[in-house]
Undergrad: 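Quick one: structure below, then a few questions.
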Amino acid sequence: MTRSRVRGAALVAAALLVVAGCGGGGGGGGGGTQAEPAPAGPPQRGGELIVLEGTFAGGYPSGLDPATNTTGGANISMNNAIFGGLFMLVADEDGSNARIEPNQAESYELLDGGTRVIIKIRPGITFSDGTPFDAEAVAFNFNRNYTSECSCRPLWPLAENGITVVDPLTVQLQFTRPTASVINAFPSSNVNWIVSPTALQQQGPEQFKITPVGAGPFKVVSNQLSSQLVLERNPTYHKEGLPYLDRLTFQTIGGDQPAYQALLAGQAQAYEGLSTTPLLEQAQQQDRLSVTVQPATSPYVIQLNTKAAPFNDQRAREAIYAATDFNAIAQGLFRGLYPVSQSFTGPGGLFYQETVDGYPPYDPERARQLVNELGGLTVKLGTLKAYVAEQVNTALQTQWQEAGINVTIESYELSQLVAEFNSGAWQSMLQTAGAWDPAAGVGVAFRFRSDSPFTGVADPALDQLLDSAAATVDVAERERLYIEAGKYISDNAYAPFGLAFASANLATEGVHGPGLTTKIPPLVVNAGVIWDSVWRTQT
């Protein structure tokens, strides 16, 4: 097959997603979701929504310019509100039938076995400054974002002069090898968020990161970095009658507890990314709140830096596997709310694989033997400042110490965590490694490919496996290759996997919207809310 509609491939992938069981079930963990009753009447226009964000999604110290925002993968909600996106991940209300749909793009094709991609731009779109959203603007953004410092930039295998303008509404990407997953990766990548080249030139990069200009449903009124972003309806938005809201404010808050209290006090109407399990259970008992646990796509993984001691020795890595009991953590700390995965997929995403053939079992006696062989093992284990991650880290410290491993733990804000990875001096990190499509977002390549700044592995054979899986247009072959990659990671003891975690979104009465009060599998950690369709009941 030399020419195929990617739209058809996306439907095949969506069918596989349904088979994988991403549908209902409260995030795949059995904890349940408090379903909101169907809204009475059609969506209503008007009103303001204040959305609370924790320090992960609400932290953006380098601004919101997609090319210079180093935490862009965490700020997907804000980016979608300002820039919209060429493509978006949508799903039925229960999270099933997830699929990529064109948004500012009108259509797309994979050609020549996946080495060439044609993207047609929807006609008639303008940026909120009135300038044209056309192929020249898109190509400018592709070139700028592809070479940016953002952790969410795409890892495209671009050919020389691989980004070209075919006509005023058509852009072509040319790759050196097949890249069939390219469209699935757009919604979690900075190339999806197209900025106005004119506004960038007029403002200059330092001001533009504060007041960026896009063609999304909202435009920036004011922006205090990592604190408060105030947006208002974009009157030139290309979808007639949308957005419904007049005003949308993102407010960063210190954590789940203050966010929960703020919602109950009426100080805000929504909160993205609740992860504190006791609060989740409390919220599910609140008649005044809608609670939506998203389908899990991102298992936790204990990344081991194999490029330096002690984990350049496979015995040290095997000791970590043998000393780790994620099943006990899942039951003891979280009462089975989150399933345990032995690979880089979760029940809400494509190619879900719960178990891996030959995965090293929990065996504390073997761990102690390996530690003795090594003459001792001392490890620093880091993670992001978040309730579930910190709870798991503390439990891992206890388990590892019982196996004779000396362990210190540390939690980081997102910007600090990025700096730790960039330093290359880290030893082990509890992180998430997953996405709706394993080739997208914080998927397997993000954590394991040799050229990623967030990897602890440099293995050409694994790179080849991941490249092949991302390249093929055959869904069954992709699944086979990802199963093989999961086993390869396990056989080499590169990184133990754990809980397939899913956060929850909270909303007060009268708030409705896809990804906020309905399920959409998370692109990274939080679901991608479709802000132009969020509305409030007007009284």
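Worth saying up front: this structure is predicted, and the values here are computed from it rather than measured. All heavy atoms count here, side chains included; hydrogens, waters and symmetry mates do not.
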Undergrad: For the residue pair Glu402 and Thr398, confirm or rule out a side-chain donor-acceptor distance under 3.5 Å.
TA: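 Short answer, no.
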Undergrad: To the closest 0.5 Å, what do you measure between CZ (Phe351) and CD (Glu479)?
TA: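 If we round to the nearest 0.5 Å, Phe351:CZ and Glu479:CD are 6.5 Å apart.
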Undergrad: What verdict does the side-chain hydrogen bond (donor to acceptor under 3.5 Å, both in side chains) test give for Asn75 and Asn69, after you've listed the backbone C-alpha separation in whole Å, the side-chain angles of each residue and the deciding distance to 0.1 Å?
TA: CA-CA 9 Å; Asn75 312 130; Asn69 177 9; 2.9 Å; yes
Undergrad: Counting distance only, does the side-chain N/O of Thr383 pair as donor-acceptor with the main-chain N or O of Leu430 below 3.5 Å?
TA: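 Pair found, side chain donor or acceptor close to backbone of Leu430.
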Undergrad: What class does the angle between the rings of Phe421 and Phe454 fall in, given that below 30° is parallel, 30 to 60° is tilted and above 60° is perpendicular?
TA: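 Aromatic pair Phe421/Phe454 classed perpendicular.
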Undergrad: How close do Phe446 and Val442 get, heavy atom to heavy atom, and via which atoms?
TA: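 In terms of heavy atoms, the two residues are closest at CD2-CG1, 3.4 Å.
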Undergrad: Run the ring-centre check on Tyr321 versus Tyr359 and record whether the distance is less than 6.0 Å.
TA: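 Yes; Tyr359 has its ring centre under 6.0 Å from that of Tyr321.
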Undergrad: Which atoms form the tightest heavy-atom contact between Thr71 and Pro61, and what is the distance?
TA: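 Looking at all heavy atoms of both residues, the closest pair is OG1-CD, 4.3 Å.
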Undergrad: Examine the side chains of Trp193 and Asn141 and answer whether a donor and an acceptor come within less than 3.5 Å of each other.
TA: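 There is no such pair (donor and acceptor under 3.5 Å, judged by atom type) between the side chains of Trp193 and Asn141.
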Undergrad: Just checking, is any N or O donor in the side chain of Asn505 or Thr517 under 3.5 Å from an acceptor N or O on the other one?
TA: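 Distance-only check fails for Asn505 and Thr517.
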Undergrad: With a sphere of 6.0 Å drawn around CG of Asp357, does it hold more than 12 non-hydrogen atoms of other residues, nucleotides or ligands?
TA: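 Atom CG in Asp357 is not packed in, count stays at 12 or less.
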Undergrad: Taking the side chain as C-beta and beyond, is there a heavy-atom pair between Ser290 and Val511 under 4.5 Å?
TA: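 The answer is no; the side chains never approach within 4.5 Å.
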Undergrad: Between Arg315 and Glu373, does any NZ, NE, NH1 or NH2 come within less than 4.0 Å of an OD or OE carboxylate oxygen?
TA: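 Result for this pair is yes, salt bridge flagged.
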Undergrad: Would you confirm whether Thr297, through its side chain, and Pro522, through its main-chain N or O, come within 3.5 Å as a donor-acceptor pair?
TA: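 Yes; judged by distance alone, with no hydrogens or angles, the pair exists.
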Undergrad: Less than 4.0 angstrom from a charged side-chain N to a carboxylate O is my criterion; do Arg449 and Asp459 meet it?
TA: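 The answer is no: the pair does not qualify as a salt bridge.
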Undergrad: Are the side chain of Thr518 and the backbone of Leu516 linked by a donor-acceptor contact shorter than 3.5 Å?
TA: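 Looks like no, no N/O pair under 3.5 Å.
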Undergrad: Look up atom CG in Leu274 and atom CG in Asp256, then write down how far apart they are to the nearest 0.5 Å.
TA: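 Rounded to the nearest 0.5 Å, the CG-CG separation comes out at 4.5 Å.
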Undergrad: Could you tell me the separation between the CG atom of Leu462 and the OG atom of Ser450, rounded to the nearest 0.5 Å?
TA: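 The CG atom of Leu462 sits 7.5 Å away from the OG atom of Ser450.
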Undergrad: Take Glu365 and Arg368 through the test salt bridge (Lys or Arg N to Asp or Glu O under 4.0 Å) and record every step on the way to the result.
TA: CA-CA 5 Å; Glu365 182 56 37; Arg368 283 187 282 270; 3.4 Å; yes
Undergrad: For Pro514 and Ile520, work out which heavy atoms get closest and say how close.
TA: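 Closest approach of Pro514 to Ile520: C-CD1, 4.0 Å.
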Undergrad: Kindly indicate whether the side chain of Thr249, heavy atoms from C-beta on, has any atom under 4.5 Å from the side chain of Leu231.
TA: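 Thr249 does not reach Leu231 side chain to side chain.
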Undergrad: Hey, are Arg366 and Glu318 close enough for a salt bridge, meaning a charged N less than 4.0 Å from a carboxylate O?
TA: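 Yes, Arg366 and Glu318 are salt-bridged.
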Undergrad: Looking only at side chains, do Ser411 and Glu390 share a donor and an acceptor under 3.5 Å apart?
TA: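 Yes.
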Undergrad: With rounding to the nearest 0.5 angstrom, report the OG1 to OH distance, Thr277 to Tyr338.
TA: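 Here the interatomic distance stands at 4.0 Å.
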Undergrad: Show, in sequence, the C-alpha distance, side-chain angles and deciding distance for Leu289 and Gln284, and conclude whether the side-chain contact (heavy atoms from CB on, under 4.5 Å) test is met.
TA: CA-CA 8 Å; Leu289 295 177; Gln284 287 173 330; over 6 Å; no
Undergrad: Within the 3.5 Å criterion, strictly below it, is a donor on Tyr60 or Asp65 matched to an acceptor on the partner's side chain?
TA: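 No donor-acceptor contact under 3.5 Å links the two side chains.
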Undergrad: Does Gln353 reach the side chain of Ser341, with side-chain heavy atoms less than 4.5 Å apart?
TA: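 No; the side chains remain at least 4.5 Å from each other.
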Undergrad: Compare all side-chain heavy atoms of Leu381 with those of Met429 and state whether any distance is below 4.5 angstrom.
TA: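 They are not in side-chain contact.
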Undergrad: State, to 0.1 Å, how close Ala439 and Ser181 come at their nearest heavy-atom pair, and which atoms those are.
TA: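 Scanning both residues, the minimum pair turns out to be CB-OG, 3.3 Å.
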Undergrad: Specify whether Trp531 and Phe250 have parallel, tilted or perpendicular ring planes, treating 30° as the upper limit for parallel and 60° as the lower limit for perpendicular.
TA: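 Ring orientation of Trp531 relative to Phe250: perpendicular.
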Undergrad: State whether a side-chain donor-acceptor pair under 3.5 Å links Trp400 with Thr324.
TA: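 There is such a pair between these side chains.
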Undergrad: So, Asn492 side chain and Tyr494 main chain: donor-acceptor pair closer than 3.5 Å or not?
TA: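 No; zero donor-acceptor contacts below 3.5 Å.
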Undergrad: Do NZ/NE/NH1/NH2 and the carboxylate oxygens of Arg335 and Glu281 come within less than 4.0 Å?
TA: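 Glu281 and Arg335: salt-bridged.
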Undergrad: Evaluate side-chain contact (heavy atoms from CB on, under 4.5 Å) for Val51 paired with Glu272, printing each intermediate quantity in order.
TA: CA-CA 7 Å; Val51 180; Glu272 292 191 273; 4.1 Å; yes
Undergrad: Is the side chain of Arg153 donor-acceptor paired with the backbone N or O of Asn145 at a distance under 3.5 Å, no angle test?
TA: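 No, the answer is negative, given that no donor and acceptor are paired below the 3.5 Å cut-off.
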Undergrad: May I ask you to decide if Ala425's main-chain N or O and Ser423's side chain share a donor-acceptor pair within less than 3.5 Å?
TA: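 Confirmed, Ser423 side chain pairs with Ala425 backbone.
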Undergrad: With no hydrogens and no angle check, is any side-chain donor or acceptor of Gln397 less than 3.5 Å from a backbone partner on Val407?
TA: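 Judged by distance alone, yes, a pair lies under 3.5 Å.
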Undergrad: Picking from Ile405, Thr408, Val371, Asn406, what satisfies side chain to side chain contact (heavy atoms under 4.5 Å, CB included) with Thr378?
TA: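 For Thr378, the side chain to side chain contact (heavy atoms under 4.5 Å, CB included) test succeeds with only one of Ile405, Thr408, Val371, Asn406, which is Asn406.
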Undergrad: Taking atom types as modelled, is there a side-chain donor on Arg478 or Tyr482 under 3.5 Å from an acceptor on the other?
TA: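 Per modelled atom types, Arg478 and Tyr482 side chains form a pair under 3.5 Å.
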Undergrad: Check whether any side-chain heavy atom of Arg447 sits under 4.5 Å from a side-chain heavy atom of Thr455, and report yes or no.
TA: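 No. Closest side-chain heavy atoms not under 4.5 Å.
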Undergrad: Using distance alone, with no hydrogens and no angle criterion, decide if Ser490 and Gln342 have a side-chain donor and acceptor under 3.5 Å apart.
TA: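 Not at all, the side chains of Ser490 and Gln342 share no donor-acceptor pair under 3.5 Å.
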Undergrad: Should Val291 and Leu280 count as side-chain neighbours, where that means a heavy-atom distance under 4.5 Å?
TA: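 Yes, at least one pair of side-chain atoms sits under 4.5 Å.
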Undergrad: Ser62 and Thr70: side-chain donor and acceptor closer than 3.5 Å?
TA: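 Yes.
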Undergrad: Let's go through Phe142 and Tyr146 carefully: what are the C-alpha distance in whole Å and the side-chain angles of both, what is the deciding distance for ring pair (Phe, Tyr, Trp, His ring centres under 6.0 Å) to 0.1 Å, and is it a yes or a no?
TA: CA-CA 6 Å; Phe142 282 179; Tyr146 172 71; 9.7 Å; no
Undergrad: Would you say the side-chain atoms of Gln303 and Gln431 include a donor-acceptor pair closer than 3.5 Å?
TA: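 No, because no side-chain N or O of Gln303 sits under 3.5 Å from a partner of the opposite role on Gln431.
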Undergrad: Nearest 0.5 Å please: distance from the CZ atom of Phe87 over to the CD1 atom of Ile100.
TA: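 If we round to the nearest 0.5 Å, Phe87:CZ and Ile100:CD1 are 9.0 Å apart.
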Undergrad: Which heavy atom of Glu354 sits nearest a heavy atom of Val340, and at what distance?
TA: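 So the two residues come closest at CG-O, 3.7 Å.
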Undergrad: Taking the side chain as every heavy atom from C-beta outward, state whether Pro438 and Thr345 have any pair of such atoms under 4.5 Å apart.
TA: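 Side-chain contact under 4.5 Å: yes.
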Undergrad: Ring pair (Phe, Tyr, Trp, His ring centres under 6.0 Å), that's the test. Do Phe497 and Phe326 meet it? Break it down for me.
TA: CA-CA 8 Å; Phe497 290 92; Phe326 270 118; 9.2 Å; no
Undergrad: Looking at CD of Gln286 and CG of Leu506, how far apart are the two atoms once the value is rounded to the nearest 0.5 Å?
TA: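 The CG atom of Leu506 is 10.0 Å from CD of Gln286, to the nearest 0.5 Å.
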Undergrad: Is there a side-chain contact (heavy atoms from CB on, under 4.5 Å) between Leu523 and Leu89 once you walk through the steps?
TA: CA-CA 8 Å; Leu523 292 163; Leu89 178 65; 3.7 Å; yes
Undergrad: Examine the side chains of Thr306 and Asn312 and answer whether a donor and an acceptor come within less than 3.5 Å of each other.
TA: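 Per modelled atom types, Thr306 and Asn312 side chains form no pair under 3.5 Å.
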Undergrad: Indicate the atoms forming the closest heavy-atom contact of Ile50 with Gln267, along with that distance.
TA: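 Residues Ile50 and Gln267, closest heavy atoms: CD1-O, 3.8 Å.
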Undergrad: Do side-chain atoms of Ser428 reach the backbone of Ile302 as a donor and acceptor pair under 3.5 angstrom?
TA: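 Pair absent, no side-chain N/O of Ser428 close to backbone of Ile302.
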Undergrad: Between Ile329 and Phe334, does a side-chain contact (heavy atoms from CB on, under 4.5 Å) hold up when you go through it step by step?
TA: CA-CA 7 Å; Ile329 294 173; Phe334 305 110; 4.2 Å; yes
